[in-house]
Every structure is written in structure tokens, then in C-alpha cells.
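Numbered from 1 within each chain, the chains take letters A, B, ... in sequence-line order.
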Number of protein chains: 2
Amino acid sequence: MTTPQLTKNQSLVFEVLEKAEGPLSAYTILDKLRDHGFRAPLQVYRALEKLLEYGVVHRLESINSFVACAHPGDNCHSHGIVAFAICESCGQVMEFHDHEVDHRLMGWVRGQKFKPEKTTIEIRGLCEACAA
Amino acid sequence: MTTPQLTKNQSLVFEVLEKAEGPLSAYTILDKLRDHGFRAPLQVYRALEKLLEYGVVHRLESINSFVACAHPGDNCHSHGIVAFAICESCGQVMEFHDHEVDHRLMGWVRGQKFKPEKTTIEIRGLCEACAA
DNA sequence: ATTGCAAATGTTATGTTATTACATCAATTG
DNA sequence: CAATTGATGTAATAACATAACATTTGCAAT
Ligand SMILES: [Zn+2]
Ligand SMILES: [Zn+2]
Ligand SMILES: [Zn+2]
Ligand SMILES: [Zn+2]
């Protein structure tokens with residue numbers, strides 16, 4: 001998917017996520033944008049909806065948070081499942097993908113005649129710095 | 001982990017999940033147990049916490065719901081990461097394991113010196129019946 | 001049996017995440 | 001201009017989860 005020009009609200013939300021060191025909840029984003037006129041959750045959720053659609057932001061289901069894509073410019077997401085390693089101590093997120101994992105998972109579901117739409121892989125744990 | 005004797009509330013919550021055809025939210029469980037004296041969300045969440053710990057129930061992060069383990073008697077924790085295929089139409093859940101997927105994911109995070117604690121793999125889509 | 005403790009439970013309130021409903025505004029187009 | 005479409009603003013509410021505190025229950029040590 002090619003990313004169209006972002007609207008004002010979309011740009012504001014995206015910039016907050018880009019500058020952040022880790023994933024943010026929608027309400028945290030809202031708080032950071034109050035100075036820019038944001039008043040209600042929906043302003044954030046609507047922007048996020050589009051940013052997710054464009055593939056420039058990911059939602060981390062296991063922690064109800066959002067993060068800017070770590071591979072800007074790539075369109076690798078259209079070819080495979082994205083996986084995340086999330087540090088539960090410092091919040092750092094590593095994003096990666098593995099075609100063999102994709103292949104195994106998609107092979108299994110195809111064998112069940114299941115039609116996959118969206119796959120979540122999230123590994124919570126401790127990053128190198130925090131585990132030390 | 002060996003499952004100890006369930007308490008009254010734990011048994012009630014587990015029975016509701018076992019009888020259900022698909023995953024249930026905590027509040028749906030609460031509603032189903034009002035006749036048995038349940039009055040507050042915490043009664044459900046506390047029971048779920050233990051059932052998750054014992055491995056007899058799984059939490060589906062992407063849909064904020066809970067489901068009884070599909071492999072009773074097995075110890076899900078001993079055979080690696082559990083993956084789920086969740087039908088977004090009828091709610092049916094298929095639970096499976098794939099050692100190759102485990103191996104690839106754990107190999108990757110080990111290479112990053114990341115210490116994994118809990119991994120979520122959830123594939124949303126349409127089951128065979130609903131895709132037809 | 002009584003005391004003391006840990007686990008489970010009950011209850012109220014609150015915190016957090018996400019959506020519905022409806023109004024308004026701005027850009028495009030025929 | 002009128003109609004359409006997409007974006008935005010605002011208020012209210014729904015859905016999910018936990019905090020804080022009191023009480024009860026089961027059980028072991030004395
Ligand atoms: Zn990405
Ligand atoms: Zn860390
Ligand atoms: Zn299981
Ligand atoms: Zn189905």
C-alpha cells in the first residue's frame with residue numbers, strides 16, 4: 001500500500017509515535033497532543049485507523065498500544081507477518097519478520113481451510129539491557 | 001504445572017468456558033454467572049487469573065476474551081508456544097502448536113539477547129464454514 | 001480449641017481503552 | 001450552486017480491567 005499525504009491529525013499522531021521511544025496508548029497520545037488542540041479520544045483513534053491502514057503504524061494487541069513502523073519505506077509488510085519483541089521493563093520494541101514462520105503458520109491454517117486475514121505475533125519479555 | 005483442586009469461583013468460571021462454543025469476554029462470563037451469585041468483574045478476573053496460571057484457560061489478546069484450553073490433560077506449557085486461529089465471523093477457535101515456529105521465533109529473540117516470557121500468536125480470519 | 005496465617009471472596013469505586021451518535025467543516029465535482 | 005465525500009469536533013457511553021478495603025474460609029501450629 002502506498003501512503004497518501006497525511007492529514008493534519010494523522011501527521012500529528014504519527015509524529016508523536018515517531019518521536020516516542022516505545023509504544024504509546026491512544027490516551028497517552030491524546031495527552032501529548034492537547035497543546036495542539038486535541039480534545040477527544042476519537043481524534044486519536046481515527047488518525048490511528050488510517051495510519052494502521054497505510055502500514056506506517058502497528059498496533060500491539062497484547063499491550064493495547066501503538067508504535068511507528070520500524071521499517072519506513074519498506075513494503076515488506078505486504079509480503080509477510082510482522083513479529084514484535086516487547087520489553088516489559090523499558091517498553092522497547094523490536095520488529096522483525098521471518099518467512100519460515102509465515103510459511104509454517106499459513107501452511108497450517110491452509111490445511112484447516114482457514115482463511116487468514118490478520119496475524120499477531122508478540123513476544124513479551126526483557127530486552128538485553130533490562131535482563132542484565 | 002499440575003492443576004490443583006479448583007475453588008468454587010474458579011470451577012464456575014471454568015465450566016462456563018468449557019461449555020461455551022467459543023471465546024468469552026470476562027463480562028460475558030460475569031453475566032452468565034449472575035444466577036450463581038456473581039456480582040462484580042473482579043470475581044471473574046480473579047478466577048481467570050488462576051485458571052490462566054494453571055494453563056487450563058487461554059487469553060486471546062486480540063479479542064479481549066478467554067477460552068478453555070483445547071487440549072485438556074496435555075500440559076500446554078510443556079509443548080511450546082500455543083497459536084490460535086480465530087474465526088471473526090462465528091468465533092470458533094482452533095488451538096495448535098508448531099515446534100518449528102517456536103524454534104524460529106525463539107532463535108531470533110535469543111540472537112537479540114532478548115529473554116522471552118510470554119508469546120502470543122493469534123491468526124484472525126474466517127473458518128472453513130464461514131469462508132464458504 | 002484457640003490462635004495465627006494465607007488464600008479466597010465480597011463490595012465499592014475507579015481507572016483505562018474504545019466506540020456510537022450526531023453535528024460541522026472543507027475540498028471536489030458535475 | 002448543489003451534491004458528494006472525507007475529515008474533524010464534541011458529548012456521551014460502552015467495554016475492559018484494576019485498586020482499595022473488608023470479610024470469610026480453611027488449615028496448620030501451638
Ligand atoms: Zn512495520
Ligand atoms: Zn528493556
Ligand atoms: Zn491449550
Ligand atoms: Zn467461522
Side-chain angles (χ1 to χ4, degrees), chain A residues 1-17 20 22-54 56-67 86 88 91 118 120 122 124, chain B residues 1-17 20 22-54 56-67 86 88 91 118 120 122 124:
Chain A
M1 153 131 10
T2 169
T3 305
Q5 191 64 25
L6 299 183
T7 67
K8 183 172 176 238
N9 284 4
Q10 288 161 18
S11 296
L12 287 167
V13 169
F14 184 60
E15 282 162 20
V16 165
L17 283 173
L24 301 178
S25 75
Y27 279 76
T28 301
I29 296 169
L30 173 58
D31 286 340
K32 289 179 180 294
L33 287 175
R34 292 210 186 268
D35 293 345
H36 292 78
F38 274 47
R39 306 278 302 159
L42 209 50
Q43 295 175 285
V44 176
Y45 281 109
R46 285 203 277 229
L48 286 171
E49 184 179 32
K50 289 298 184 181
L51 295 171
L52 290 167
E53 183 184 325
Y54 303 151
V56 297
V57 162
H58 299 291
R59 174 188 203 123
L60 302 177
E61 311 271 11
S62 65
I63 57 173
N64 296 314
S65 293
F66 304 84
V67 68
I86 305 166
E88 294 186 297
K118 178 84 177 75
T120 295
E122 296 176 17
R124 275 99 68 216
Chain B
M1 154 138 1
T2 169
T3 305
Q5 190 66 25
L6 299 183
T7 67
K8 183 173 177 239
N9 284 4
Q10 288 161 19
S11 296
L12 288 167
V13 169
F14 184 59
E15 282 162 21
V16 165
L17 283 173
L24 301 178
S25 75
Y27 278 75
T28 301
I29 296 169
L30 174 58
D31 286 339
K32 289 179 181 291
L33 288 174
R34 291 209 187 268
D35 294 343
H36 292 78
F38 274 48
R39 306 279 303 159
L42 211 49
Q43 294 174 286
V44 176
Y45 281 109
R46 285 203 278 230
L48 286 172
E49 184 179 32
K50 290 297 184 181
L51 295 171
L52 290 167
E53 182 184 326
Y54 303 153
V56 297
V57 162
H58 298 291
R59 174 188 201 123
L60 302 177
E61 311 271 10
S62 65
I63 58 173
N64 296 315
S65 293
F66 303 84
V67 68
I86 306 165
E88 294 186 296
K118 178 84 176 74
T120 294
E122 296 175 17
R124 275 101 65 215

Show me the side-chain donor-acceptor pairs of residues 39-50 of chain A shorter than 3.5 Å, one per line, residues at least two apart or across chains.
{"residue": "A/Q43", "atom": "OE1", "partner": "A/R39", "partner atom": "N", "Å": "2.6"}
{"residue": "A/Q43", "atom": "OE1", "partner": "A/A40", "partner atom": "N", "Å": "2.9"}

Write down the distance between [atom1] ([X]) and [atom2] ([N]), rounded to a whole number of angstrom.
X	N	atom1	atom2	value
A/L24	C/dT17	CG	C1'	14 Å
B/L51	C/dA8	CG	P	11 Å
A/Y45	C/dA21	OH	P	18 Å
B/N64	D/dT18	CG	P	11 Å
B/Q5	D/dC27	CD	P	11 Å
B/L60	D/dC16	CG	P	13 Å
A/R59	C/dT17	CZ	C1'	9 Å
B/L30	D/dT18	CG	P	15 Å

Got a sec, which residues hit side-chain hydrogen bond (donor to acceptor under 3.5 Å, both in side chains) with A/S11, two or more places apart in sequence or on another chain? none
Please enumerate all residues that pass side-chain hydrogen bond (donor to acceptor under 3.5 Å, both in side chains) together with A/E61, with sequence neighbours excluded. B/R124
Would you say B/K50 places a side-chain N or O within less than 4.0 Å of OP1 or OP2 belonging to C/dA7? no
Is there a side-chain contact between A/T7 and the phosphate of D/dG6, meaning an N or O under 4.0 Å from OP1 or OP2? no
Quick one: which residue pairs count as a salt bridge (Lys or Arg N to Asp or Glu O under 4.0 Å) with a foot in residues 3-14 of chain A, not counting sequence neighbours? none
Here the salt bridge (Lys or Arg N to Asp or Glu O under 4.0 Å) pairs for residues 24-36 of chain B, sequence neighbours left out, are B/D31-B/R34
Can you measure from [atom1] ([X]) to [atom2] ([Y]) and round to the nearest 0.5 angstrom?
X	Y	atom1	atom2	result
B/I63	B/L24	CD1	CG	9.5 Å
B/L12	B/T7	CG	OG1	8.5 Å
A/I29	A/F38	CD1	CZ	9.5 Å

Extract from the structure each pairing of a protein N or O with an N or O of nucleotides 13-15 of chain D at less than 3.5 Å, listing the distance.
none

Quick check: closest heavy atoms across A/V57 and A/F66, and the distance to 0.1 Å? CG1-CB, 4.2 Å
Set out, line by line, the N/O atom pairs under 3.5 Å between protein and nucleotides 10-12 of chain C.
{"residue": "C/dG10", "atom": "OP2", "partner": "B/N9", "partner atom": "ND2", "Å": "3.1"}
{"residue": "C/dG10", "atom": "OP2", "partner": "B/Q43", "partner atom": "NE2", "Å": "2.4"}
{"residue": "C/dG10", "atom": "N7", "partner": "B/R46", "partner atom": "NH2", "Å": "2.5"}
{"residue": "C/dG10", "atom": "O6", "partner": "B/R46", "partner atom": "NH1", "Å": "3.1"}
{"residue": "C/dG10", "atom": "O6", "partner": "B/R46", "partner atom": "NH2", "Å": "3.1"}

